[in-house]
Amino acid sequence: MAQLELVAELVVDEPISTPGSAEPAAANNTPTAPAPAASRKKRGRPPADPNAQASFFCEEAGCGASYVTYGGLYQHKRKHHPWLMSDA
């Protein structure tokens, strides 16, 4: 029976530094500048409409908070005025 001999060869382009070593990993390790803002992919929600009018107001005396969406008012009441939340 023939034996197969497996040989693994590790090819490294740059030397690897270990944590705490005094030597840098490579001489050409210069940080690169981030991509310009125009070429980056946008994440998250689109910007809110700057012309939107608040139509949901907090009914707690002296609060004066107002929101464009009911969800914003709901979160405000849940965080700042939990006694206003109905048990229904």
Side-chain angles (χ1 to χ4, degrees):
M1 208 190 259
Q3 287 184 332
L4 294 176
E5 186 176 323
L6 297 175
V7 177
E9 186 176 317
L10 179 63
V11 178
V12 179
D13 292 336
E14 297 177 357
I16 300 172
S17 65
T18 58
S21 67
E23 299 177 21
N28 62 356
N29 247 0
T30 57
T32 58
S39 66
R40 280 189 248 153
K41 182 179 179 182
K42 293 185 179 183
R43 296 183 186 182
R45 299 177 65 108
D49 181 13
N51 300 324
Q53 297 294 322
S55 56
F56 297 93
F57 301 94
C58 182
E59 61 266 11
E60 179 68 16
C63 181
S66 60
Y67 297 90
V68 174
T69 64
Y70 175 76
L73 175 62
Y74 182 85
Q75 289 179 5
H76 165 78
K77 287 176 18 178
R78 190 174 62 191
K79 181 177 181 182
H80 298 285
H81 313 296
W83 56 90
L84 293 176
M85 302 301 293
S86 63
D87 293 329

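Side-chain atoms are counted along with the backbone in the values below, which use heavy atoms only and exclude waters and symmetry mates.
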Next item on the list: Applying side-chain contact (heavy atoms from CB on, under 4.5 Å), name anything that partners T69, two or more places apart in sequence or on another chain.
Entry: none
Next item on the list: Under the side-chain contact (heavy atoms from CB on, under 4.5 Å) rule, collect the residues that match up with E59, sequence neighbours excluded.
Entry: K77, L84
Next item on the list: Check the surroundings of atom CZ in F57: do more than 12 heavy atoms from other residues, nucleotides or ligands lie under 6.0 Å from it?
Entry: yes
Checklist line | Rounded distance [0.5 Å steps], CZ in F56 versus OH in Y67 | finding: 13.0 Å
Check: Can you hop from M85 to L73 via hydrophobic side chains spaced under 4.5 Å?
Finding: yes
Next item on the list: Indicate the ring-plane relationship of H76 and H81, choosing parallel, tilted or perpendicular according to the 30° and 60° boundaries.
Entry: perpendicular
Next item on the list: Check whether any side-chain heavy atom of H80 lies under 4.5 Å from a side-chain heavy atom of C58, and answer yes or no.
Entry: no
